[in-house]
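The structure under discussion appears below in the form of structure tokens.
Atoms within a ligand are numbered from 1 in the order they appear, just like the ligands themselves.
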Amino acid sequence: MNSYIRTLPYLLLFLFSINLISAQTYAKNGMVVSSNMESSKVGRAILQKGGNAIDAAVATAFSLAVTLPSAGNIGGGGFIVYMDSKGKATTIDFREKAPLAATNDMYLDKEGELIKGINHNTVKAIGVPGTVAGLYLAHRKYGKLPWKDLVQPAIDQATNGFTFNWSLFKAAEYFTKEGNDNRFMDNYFRNENGTVLQPTENWKQPQLANTLSIIREKGKDGFYKGEVAKKIVQWMKENEGIITKKDLKKYEAIERKPMEGSYKGYKIYSMPPPSSGGVALIEMMNLMEQADFKEIEFNSTAYVHLLTEAMRRTFADRAEHLGDPDFNLDMPLEKLISKEFAKQRFNGIDMTKASVSDSTKFGQLYDGESTTHLSVLDKHGNAVSLTYTLEYSYGSKMGSEELGFIFNNEMGDFNPQAGITKSNGQIGTAPNLVAPEKRMLSSMTPTIVAKNDKPYLVIGSPGGRTIINTVFQTVFNVLEYNMPVNKAIEALKIHHQWLPDVIRYEKHLLSPDTKKALENMGHTLEPRENLGALMGITWDDEKKVMTGASDSSRPDGGAAGY
Ligand code: DON
């Protein structure tokens with residue numbers, strides 16, 4: 001017994017380290033799951049006040065702009081997939097746009113070579129933000145409570161402060177260490193006395209509170225016109241940025257028809273272009289439908305091989321065909337998501353050896369660490385799946401001190417150099433080249449799966465190009481293996497994106513034998529600490545119970561239900 005007690009802490013530590021512990025939360029009336037529990041609670045309070053899923057999602061998103069500034073934002077953009085209780089689905093596209101002054105050679109030197117880092121790490125990486133317009137449009141069309149009530153909780157959190165957590169502290173340590181010359185980020189995490197905030201301290205953000213108050217009063221115009229817009233433009237002028245008053249004034253969020261697919265009787269609704277997420281997810285689910293998973297065991301060599309080959313092909317199609325639909329009127333979307341196409345693709349897979357990704361063709365780079373997803377289900381059965389981002393963690397790491405928020409660096413998602421596709425993953429295809437007012441291609445995959453025309457699974461994740469694959473595997477785990485949502489989220493994830501031709505895998509979750517067998521088939525493997533940070537909800541229509549789970553890779557995240 002004594003030795004049991006002695007080993008218990010080590011066992012728990014081990015289980016935590018391999019990401020196997022993730023609680024599920026059950027609720028009858030409403031559920032919000034996000035990467036910050038304080039923000040999930042904001043969303044839950046809105047549901048309890050009589051708000052619907054859209055209201056709760058809007059309030060949670062504004063709150064995450066305060067509690068999770070690495071990814072939660074008003075200076076970035078994203079997507080919403082919404083399904084009402086009758087099974088009608090729609091989407092809101094609030095992706096950032098290239099400014100009017102952008103050109104397709106803006107990241108090249110005189111010789112036509114890409115200037116390293118310019119499209120990600122400079123002021124030219126900032127796209128016209130879409131978040132406030134997107135949340136406003138979602139609320140205007142589908143919300144119920146007054147707009148002011150949805151912005152107010154975030155203002156309260158920014159004004160009164162909230163507990164500075166460990167993840168924020170790690171960022172504060174990084175940005176304030178000697179040699180870091182980013183003045184804006186250095187000042188960002190300091191308290192009123194100018195000292196760097198410590199874990200458990202109360203963090204107030206008065207400038208952000210003020211900006212949010214203007215948005216509360218004026219709605220969308222509070223960001224894109226007037227005082228805030230003026231300060232954004234002034235900051236751009238002072239810092240050689242190219243976003244103008246006209247860019248802000250012209251920005252509109254767009255309602256678009258979802259990408260719709262199916263898997264063994266379930267319906268799948270996800271984001272259409274300018275995200276590649278929906279097309280890619282449905283293409284891979286169709287490929288899976290061709291296989292017999294009674295013969296292929298979960299986590300086995302055949303399983304990892306088949307998923308890899310599906311990912312390889314899908315990412316090649318993504319790179320070849322996808323971009324902003326308003327600039328690419330002839331994308332073969334229906335073909336890519338058809339069952340017929342999946343059949344052809346499936347027949348081309350050799351189950352005994354790896355295919356080769358041709359470096360003269362297609363693929364994409366692996367992204368950094370930050371974007372965030374939230375899922376909501378309300379008591380009427382309306383569901384919201386929302387993913388939004390600044391692109392990198394803390395985006396461009398630039399912003400106006402007066403306004404208190406960070407600008408995205410989303411322009412890095414465009415193909416930077418026409419015609420140049422490299423085996424390291426740089427893509428040069430036409431559909432996603434930079435053009436004025438174009439939206440850059442995304443991988444965000446907010447998704448809702450319906451069973452009998454009612455929301456059944458609400459899911460999404462951050463993780464750059466890995467998003468498509470981690471959402472795909474989580475959806476697949478629930479639909480094919482009937483896994484409870486927390487197990488589906490924590491189970492092994494792999495990632496292959498055509499180029500570079502490598503399988504990334506969560507290192508504690510693949511056995512040595514399987515790795516060896518895959519290498520013998522011609523695959524190259526690369527371990528990763530973690531893939532994805534999935535936030536999901538399932539609905540049991542028989543028991544009338546919601547189950548929520550947040551990925552253990554985001555320790556501050558959580559499911560708030562009632
Ligand atoms: O839109 C996209 O696909 C990327 N900008 C998302 C970036 C991301 O997820 C970063 N990581 N966690």
Using distance alone, decide if ligand 1 has a nitrogen or oxygen within less than 3.5 Å of any nitrogen or oxygen in Leu441. no

Under 4.0 Å, heavy atoms only, figure out whether ligand 1 is touched by the backbone of Asp413, its side chain, both or neither. side chain

Does the side chain of Ser552 come under 3.5 Å of the side chain of Glu490 through a donor N or O and an acceptor N or O? yes

Hey, looking at atom 3 (O) of ligand 1, which of Ser443, Pro274, Gly78 has the closest heavy atom? Ser443

Atoms of ligand 1 close to Ile467 [distance to a heavy atom under 4.0 angstrom, numbered from 1]: 9 (O)

With nothing but distance in play, are any N or O atoms of Glu410 less than 3.5 Å from an N or O of ligand 1? yes

Heavy-atom gap Arg95 to ligand 1 smaller than 4.0 Å: yes

Do Asn36 and Asp556 have a side chain donor and acceptor closer than 3.5 Å? no

Check the surroundings of atom NZ in Lys220: do more than 12 heavy atoms from other residues, nucleotides or ligands lie under 6.0 Å from it? yes

Would one find an N or O of Gly464, backbone or side chain, under 3.5 Å from an N or O of ligand 1? yes

Between Arg465 and ligand 1, which residue portion shows a heavy-atom distance shorter than 4.0 Å: side chain, backbone, both, or neither? neither

Distance alone, cut at 3.5 Å: any donor-acceptor contact between the side chains of Ser167 and Arg554? no

Start with the C-alpha distance between Phe164 and Phe162, add both sets of side-chain angles, then the distance that settles ring pair (Phe, Tyr, Trp, His ring centres under 6.0 Å), and finish with yes or no. CA-CA 6 Å; Phe164 204 66; Phe162 69 98; 7.7 Å; no

Lys487 atom NZ, neighbour heavy-atom count above 12 within 6.0 Å: no

